[in-house]
Chemist: 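I have a structure here, written as structure tokens, and I will follow up with some questions on it.
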Amino acid sequence: MAEVQVRAITKYFGEVKVLDDVSLATRQHEFLVLLGPSGCGKTTLLRIIAGLERPSRGEVSIGGRDVTGLPPRARNVAMVFQSYALYPHMSVAENISFPLRTQHMNRDAIREKVAWASGLFGIDRLLKRKPRELSGGERQRVALARAMVRMPNLFLLDEPLSNLDAKLRASAREELQTFQKRIGITTIYVTHDQVEAMGLGNRIVVMDKGRVRQIGTPLQVYWEPADTFVATFVGSPPMNLVEQGGVLVGFRPEDFLPLEGREEEDVERFQFEVTWVENLGAERLVYGKTAFQSKNGRVVSKLAPNIRVALEAGKTYTFAVPRLGIKLFDRDTGTRLRGVPIGRG
């Protein structure tokens with residue numbers, strides 16, 4: 001299995017810079033997720049790693065070998081696209097075996113490989129069907145089996161679950177993670193969905209406007225964001241940001257709770273005017289305003305079912321955040337500040 005190193009990759013399309021000095025490295029057997037909004041450059045980076053695009057500057061190495069100038073076939077990587085790209089006139093078995101037939105592998109070996117790959121994804125009963133006879137989840141499994149049948153050194157996935165409905169996506173994430181752990185192939189996965197990123201990735205690369213904003217585990221990215229972009233892109237609802245004492249004070253909605261009934265002494269208190277309470281069954285989202293200006297115009301509290309404090313729109317309550325849950329950011333650059341005290345509210 002191969003480790004990937006991307007060194008100072010810059011990519012222009014005409015005069016538009018879509019990647020700006022991007023560097024990262026995978027770890028052995030890792031599931032690495034590239035997360036960011038549409039147009040941030042994550043798919044372009046994946047295509048450069050695959051050899052489908054050439055960087056304007058920078059290098060890509062796979063397994064310690066510089067592959068920057070090599071075509072896709074010479075890199076021994078497998079890529080699954082958002083559209084799956086199955087051949088409609090071929091059966092499932094023919095789709096899976098296609099990359100082996102182009103390598104002129106003998107028929108017995110092909111039959112054995114197809115049986116292995118289809119069994120791996122539980123689609124061996126579908127081998128005679130055409131793609132039009134399959135569900136979205138079954139098509140996704142066929143695309144994965146076709147990618148895996150060559151036993152590549154690296155697995156590249158470009159939003160392969162985006163065409164599935166919400167319920168199927170959840171089960172597909174579980175299957176994909178289980179499969180990746182079982183075979184141990186280093187995997188790079190592109191998505192704009194933070195739930196997918198948090199649930200699948202050993203580490204997450206958060207990207208915006210062609211640059212890497214943070215690389216870390218899901219918990220590091222969520223609880224220790226490097227800047228205000230990461231703080232507000234990861235999390236639903238996103239981190240609250242209020243201006244206080246010349247800095248931006250950040251805290252997660254689930255840390256921003258009514259003071260009533262709480263035992264923590266080391267907290268930052270806020271007077272919180274409730275404007276709307278949204279009951280979602282498993283939780284309540286409470287929207288409102290504080291005395292400090294919010295970056296997005298409002299502050300949100302996320303209350304678990306065990307917090308039964310009655311809250312009404314139009315009334316003001318004392319809310320509090322544990323000081324350990326408070327993150328400070330530079331007001332102008334958005335960069336995380338460390339070691340800067342916050343005045344008591």
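We use all heavy atoms of the structure for the numbers below, so side chains are in, but hydrogens, waters and symmetry mates are not.
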Chemist: Can you check whether V4's main-chain N or O pairs, donor with acceptor, with T26's side chain at less than 3.5 Å?
Modeler: yes
Chemist: Are V60 and L157 connected in a single hydrophobic cluster, I mean Ile/Leu/Val/Met/Phe/Trp/Tyr linked by side-chain heavy atoms less than 4.5 Å apart?
Modeler: no
Chemist: Can you tell me if CZ on R101 sees more than 12 non-hydrogen neighbours from other groups inside 6.0 Å?
Modeler: yes
Chemist: Verify side chain to side chain contact (heavy atoms under 4.5 Å, CB included) between F13 and E53, making sure each step is shown before the conclusion.
Modeler: CA-CA 11 Å; F13 287 120; E53 298 281 355; 3.9 Å; yes
Chemist: Please evaluate residues F155 and L144 with respect to the criterion side chain to side chain contact (heavy atoms under 4.5 Å, CB included), reporting the C-alpha separation (whole Å), side-chain torsions for both, the decisive distance (0.1 Å), and the verdict.
Modeler: CA-CA 9 Å; F155 208 19; L144 292 171; 3.7 Å; yes
Chemist: Treating R75 as the side-chain partner and T68 as the backbone partner, does any N or O pair qualify as donor plus acceptor under 3.5 Å?
Modeler: yes
Chemist: With a 4.5 Å heavy-atom cut-off, do I96 and I123 have their side chains touching?
Modeler: yes
Chemist: Determine, using ring centers only, whether F270 and F251 are less than 6.0 Å apart.
Modeler: yes
Chemist: For L100, is there any backbone N or O sitting under 3.5 Å from a side-chain donor or acceptor partner on S97?
Modeler: no
Chemist: Quiz question: by atom type and distance under 3.5 Å, do the side chains of Y189 and E196 form a donor-acceptor pair?
Modeler: yes
Chemist: Between L52 and P72, is there a side-chain heavy-atom distance shorter than 4.5 Å?
Modeler: yes
Chemist: Would you mind reporting whether L19 and P55 have side-chain heavy atoms less than 4.5 Å apart?
Modeler: no
Chemist: Establish whether I215 and I49 are linked, either directly or via other cluster members, by ILVMFWY side-chain heavy-atom contacts under 4.5 Å.
Modeler: yes
Chemist: Please report the closest heavy-atom contact between A78 and A147, naming both atoms and the distance.
Modeler: CB-O, 3.2 Å
Chemist: Got L303 and P258 here, is their nearest side-chain heavy-atom distance under 4.5 Å?
Modeler: yes
Chemist: Any side-chain heavy-atom pair from V221 and L35 closer than 4.5 angstrom?
Modeler: no
Chemist: Taking Y317 for its side chain and E312 for its backbone only, find out whether a donor-acceptor pair lies under 3.5 Å.
Modeler: yes
Chemist: Check the pair L34, L24 against side chain to side chain contact (heavy atoms under 4.5 Å, CB included), reporting the backbone distance first and the verdict last.
Modeler: CA-CA 11 Å; L34 307 183; L24 58 88; 4.3 Å; yes
Chemist: With the side chain counted from C-beta on, respond yes when K209 and D20 share a heavy-atom pair under 4.5 Å apart, and no when they do not.
Modeler: no
Chemist: Whether E59 and R7 form a salt bridge (side-chain N of Lys/Arg under 4.0 Å from carboxylate O of Asp/Glu) is what I want to check.
Modeler: yes
Chemist: For E243 and R331, indicate whether the former's side chain and the latter's backbone hold a donor-acceptor pair under 3.5 Å.
Modeler: no
Chemist: Between W276, F272, F256, which is the residue that forms a ring-ring contact (aromatic ring centres under 6.0 Å, His included) with Y287?
Modeler: W276
Chemist: Taking only Lys NZ, Arg NE, NH1 and NH2, and the carboxylate oxygens of Asp or Glu, determine whether R336 and E224 approach each other closer than 4.0 Å.
Modeler: yes
Chemist: For atom CZ of R182, decide whether the heavy atoms of other residues, nucleotides or ligands shown that lie under 6.0 angstrom number more than 12.
Modeler: yes
Chemist: When hydrophobic residues are tied together by side-chain contacts of less than 4.5 Å, even through go-betweens, does L200 share a cluster with V80?
Modeler: yes
Chemist: Applying the 4.5 Å side-chain criterion to the ILVMFWY set and letting contacts propagate, would I188 and V205 be lumped into a single cluster?
Modeler: yes
Chemist: Could you list the cluster mates of M90? Members are the ILVMFWY residues connected by side-chain heavy atoms closer than 4.5 Å, either directly or through other members.
Modeler: Y87, F98
Chemist: Without swapping roles, check the side chain of Q214 against the backbone of A226 for a donor-acceptor pair under 3.5 Å.
Modeler: yes
Chemist: How long is the span from the CZ atom in R27 to the CG atom in L32, to the nearest 0.5 Å?
Modeler: 9.0 Å
Chemist: State whether the number of non-hydrogen atoms from other residues, nucleotides or ligands found under 6.0 Å of K302 atom NZ is greater than 12.
Modeler: yes
Chemist: Which atoms form the tightest heavy-atom contact between P322 and V267, and what is the distance?
Modeler: CA-CG1, 4.0 Å
Chemist: Can you give me the closest heavy-atom contact between G235 and Y222, atom names plus distance?
Modeler: CA-CE1, 3.7 Å
Chemist: As a quick check of understanding, evaluate side chain to side chain donor-acceptor pair (under 3.5 Å) for T318 and Q271, giving each step before the final call.
Modeler: CA-CA 5 Å; T318 301; Q271 292 303 302; 2.9 Å; yes
Chemist: Could you check if a side-chain atom of M198 sits within less than 4.5 angstrom of a side-chain atom of V234, using non-hydrogen atoms only?
Modeler: yes
Chemist: Is the side chain of E283 donor-acceptor paired with the backbone N or O of L280 at a distance under 3.5 Å, no angle test?
Modeler: no
Chemist: Could you check V249 against L328 for side chain to side chain contact (heavy atoms under 4.5 Å, CB included), going step by step and ending with a plain yes or no?
Modeler: CA-CA 5 Å; V249 179; L328 302 180; 3.8 Å; yes
Chemist: Got a list of side-chain donor-acceptor pairs under 3.5 Å for residues 39-46, not counting sequence neighbours?
Modeler:
residue : atom : partner : partner atom : Å
K42     : NZ   : G36     : O            : 2.9
K42     : NZ   : P37     : O            : 3.1
T43     : OG1  : D158    : OD1          : 3.1

Chemist: So, for V114 and V149, which heavy atoms are closest and what is the spacing to 0.1 Å?
Modeler: N-CG2, 4.3 Å
Chemist: Is a donor on one side and an acceptor on the other found under 3.5 Å between the side chain of R203 and the backbone of E30?
Modeler: no
Chemist: Tell me if a side-chain donor or acceptor on T186 pairs with a main-chain N or O of H29 at a distance below 3.5 Å.
Modeler: yes
Chemist: Residues in side-chain hydrogen bond (donor to acceptor under 3.5 Å, both in side chains) with T275, at least two apart?
Modeler: none
Chemist: Linking I/L/V/M/F/W/Y whenever any side-chain heavy atoms sit under 4.5 Å apart, do F233 and V212 land together?
Modeler: no
Chemist: Identify the two heavy atoms, one from P253 and one from P237, that lie closest to each other, and give their separation to 0.1 Å.
Modeler: CG-O, 3.8 Å
Chemist: Any donor-acceptor pair under 3.5 Å linking the side chain of R284 with the backbone of I307?
Modeler: yes
Chemist: Hydrophobic clusters join Ile, Leu, Val, Met, Phe, Trp and Tyr when side-chain heavy atoms are under 4.5 Å apart, directly or via other members; which others share one with L324?
Modeler: none
Chemist: With sequence neighbours excluded, what pairs up with E133 under the salt bridge (charged side-chain N to carboxylate O under 4.0 Å, His left out) test?
Modeler: none
Chemist: Would you name the heavy atoms of N153 and I185 that are closest together and state the gap between them?
Modeler: O-CG2, 4.0 Å
Chemist: Is any side-chain heavy atom of F31 closer than 4.5 Å to one of K181?
Modeler: no
Chemist: Can you run down the side-chain hydrogen bond (donor to acceptor under 3.5 Å, both in side chains) pairs that involve residues 110-128, sequence neighbours left out, and say none if there aren't any?
Modeler: D108-R111
Chemist: If we ignore angles and hydrogens, is there a donor and acceptor under 3.5 Å between the side chains of R298 and S294?
Modeler: no
